[in-house]
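Count residues from 1 along the sequence.
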Amino acid sequence: MSSPRSERLSRNLADVRRRIAAAAAEAGRRPDEIRLVAVTKYVDVAVTAALAACGQVDLGESRPQQLWLKAEAPELRDVRWHLIGHLQRNKTARTLPLAAWVHSGDSLRLLEELDAVGRGLDRPRVRTLLEVNLTGEAAKHGFAPAEVPPLCDALSSFASLDIAGLMGMSAAEDDAAAARRRFATLRELRDRLRRDWHGRFDLNELSMGMSHDFEAAILEGATLVRIGSALFEGLDAQGRA
């Protein structure tokens with residue numbers, strides 16, 4: 001018998017997927033072009049497992065320690081983990097074996113460390129995104145847009161990383177139109193890199209959009225959306241419906 005919590009999570013998940021499909025249709029895209037990454041940083045293992053039981057297998061964590069904790073849970077063994085927040089280099093060795101994706105490749109030093117750790121692992125290359133600071137805010141991590149084009153040769157030396165695309169965020173105060181302009185900037189940068197770096201990297205992925213602006217991100221080409229609060233509406237801090 002399903003619980004009120006599971007029923008609420010299932011409804012929320014269905015609603016988010018419906019909104020993704022509607023935004024994709026408006027953009028002339030297919031819904032299966034967009035991967036939903038459920039951000040579980042504010043919920044515990046039990047709530048995370050209940051969401052996974054609803055069929056959501058791509059889960060994202062901002063803090064490496066929380067990813068470590070949840071990845072150890074038997075009920076979450078089939079999850080595909082995304083590290084979406086800042087990763088300190090001293091946490092790379094423990095994080096990389098658990099993460100299928102690292103969205104927050106925010107400095108060359110971190111990417112070098114990821115590659116060094118990855119070379120010692122018996123696993124496929126980790127899918128890595130270059131984080132771009134679209135707002136110029138000092139509190140946000142990531143490369144300035146102008147810093148990305150010169151990285152091609154350095155990135156080409158990383159044997160254990162699959163540089164798959166770019167990640168970026170809008171500003172908290174942005175309305176939908178402003179967010180869409182920022183996401184367009186990221187897409188345009190990606191498109192320019194695909195031309196300039198032709199044959200070196202595919203750069204098919206754009207990780208952009210959260211609960212408050214993912215529709216705008218999809219309209220500008222997002223292939224991954226990172227959604228947390230919209231999936232947990234109607235639940236209290238303990239995950240009760």
Side-chain angles (χ1 to χ4, degrees), residues 13 16-17 20 31-45 47-107 110-132 141-142 155 158-169 190 201-210 214 217 221-228 231:
L13 180 59
V16 167
R17 288 176 172 167
I20 289 172
D32 62 6
E33 295 176 20
I34 298 112
R35 186 190 301 259
L36 168 60
V37 179
V39 180
T40 57
K41 64 180 180 178
Y42 293 125
V43 298
D44 62 14
V45 170
V47 179
T48 303
L51 181 64
C54 294
Q56 179 58 37
V57 297
D58 285 284
L59 302 183
E61 282 289 334
S62 294
R63 293 165 293 207
Q65 296 93 323
Q66 287 300 307
L67 192 153
W68 304 343
L69 173 69
K70 290 176 180 174
E72 292 174 353
E75 60 267 46
L76 293 170
R77 62 181 176 272
D78 295 326
V79 160
R80 187 162 44 235
W81 287 107
H82 298 242
L83 194 283
I84 62 172
H86 177 61
L87 178 61
Q88 295 174 310
R89 286 178 293 136
N90 63 1
K91 295 181 172 66
T92 300
R94 187 166 177 185
T95 303
L96 203 56
L98 305 173
W101 292 71
V102 174
H103 292 229
S104 47
D106 58 20
S107 72
L110 174 61
L111 293 167
E112 289 169 346
E113 183 67 18
L114 286 168
D115 182 56
V117 171
R119 288 171 187 260
L121 299 177
D122 182 20
R123 58 158 293 173
R125 293 186 300 162
V126 64
R127 305 210 76 191
T128 307
L129 306 177
L130 306 180
E131 182 174 355
V132 180
H141 298 280
L155 299 176
F158 297 151
S160 69
L161 304 183
D162 175 12
I163 305 298
L166 306 180
M167 185 269 253
M169 291 177 279
R190 189 280 307 270
F201 308 99
D202 290 333
L203 301 180
N204 290 327
E205 307 294 344
L206 285 173
S207 173
M208 54 191 195
M210 298 185 288
F214 70 86
T223 63
L224 301 109
V225 291
R226 310 177 306 275
I227 299 177
L231 292 169

Checklist entry - Taking atom CD1 of I84 and atom CG of L59, what is their separation to the nearest 0.5 Å? => result 10.5 Å

Next on the checklist: When you measure from the side chain of E131 to the backbone of H86, do you find a donor-acceptor pair of N or O atoms at a distance under 3.5 Å?
Outcome noted: no

Item to check | Main-chain N/O of A116 paired with R119 side-chain donor or acceptor, under 3.5 Å | outcome: no

Checklist entry - Taking side chain as C-beta onward, heavy atoms only, is K41 less than 4.5 Å from Q66? => result no

Next on the checklist: Measuring only between side-chain heavy atoms, which start at C-beta, is W68 closer than 4.5 Å to K91?
Outcome noted: yes

Checklist outcome for this item: Closest non-hydrogen atoms of L87 and L83, given as atom of the first, atom of the second and distance, are CB-CD1, 4.1 Å

Next on the checklist: Quick one, Q65 and L69 - any side-chain contact, counting heavy atoms below 4.5 Å?
Outcome noted: no

Next on the checklist: Going by side chain to side chain donor-acceptor pair (under 3.5 Å), name the residues that satisfy it together with N204, two or more places apart in sequence or in a different chain.
Outcome noted: R194

Show every donor-acceptor pair shorter than 3.5 Å between a side-chain atom in residues 97-104 and any protein atom, with sequence neighbours excluded, or say none if there are none.
| from | atom 1 | to | atom 2 | distance (Å) |
| --- | --- | --- | --- | --- |
| H103 | ND1 | S207 | OG | 2.8 |
| H103 | NE2 | H82 | ND1 | 2.8 |
| S104 | OG | G85 | O | 2.5 |

Checklist entry - When rounded to the nearest 0.5 angstrom, what is the spacing between CG in D162 and CZ in R127? => result 5.0 Å

Checklist entry - Rounded to the nearest 0.5 Å, what separation is found between the OG1 atom of T95 and the CG atom of N90? => result 9.0 Å

Checklist entry - Should L231 and V39 be marked as a side chain to side chain contact (heavy atoms under 4.5 Å, CB included) after you check the CA-CA gap, both sets of side-chain angles, and the distance that decides it? => result CA-CA 9 Å; L231 292 169; V39 180; over 6 Å; no

Next on the checklist: Which residues pass the ring-ring contact (aromatic ring centres under 6.0 Å, His included) test with F201, not counting sequence neighbours?
Outcome noted: W197

Checklist outcome for this item: In this structure, NZ of K70 is separated from CH2 of W81 (nearest 0.5 Å) by 6.0 Å

Item to check | Donor-acceptor contact below 3.5 Å, side chain T40 vs main chain V43 | outcome: no

Checklist entry - Would a distance-only check, ignoring hydrogens and angles, find a side-chain to backbone donor-acceptor pair under 3.5 Å from S160 to D115? => result yes

Checklist entry - Does some side-chain heavy atom of E205 sit less than 4.5 Å from a side-chain heavy atom of R190? => result no

Item to check | Residue pair L224 / M167, side-chain heavy-atom distance below 4.5 Å | outcome: no

Checklist entry - Of the non-hydrogen atoms in L206 and G221, which two are nearest, and what is the gap between them? => result CD1-O, 3.7 Å

Item to check | side chain to side chain contact (heavy atoms under 4.5 Å, CB included) between V45 and E75, worked out | outcome: CA-CA 9 Å; V45 170; E75 60 267 46; 3.6 Å; yes

Item to check | 4.5 Å side-chain heavy-atom contact, M169 and R226 | outcome: yes

Item to check | Side chains of T223 and E33, donor plus acceptor under 3.5 Å | outcome: no

Checklist entry - So which heavy atom on A49 is nearest to which on L76, and how close? => result CA-CD2, 3.7 Å

Item to check | Main-chain N/O of L96 paired to R123 side chain as donor or acceptor, under 3.5 Å | outcome: yes

Item to check | Euclidean distance, L114 CG relative to R125 CZ, rounded to 0.5 Å | outcome: 13.5 Å

Checklist outcome for this item: Between G105 and L111 the two heavy atoms that sit nearest each other are CA-CD2, 4.0 Å

Checklist entry - Could you state the interatomic distance from OG1 (T128) to CG (L161), rounded to the nearest 0.5 Å? => result 4.5 Å

Checklist outcome for this item: Tightest non-hydrogen contact, residues I163 and L203, listed as O-CD2, 3.9 Å

Item to check | Minimum-distance pair of heavy atoms, taken over all atoms of L36 and Q56 | outcome: O-NE2, 2.8 Å

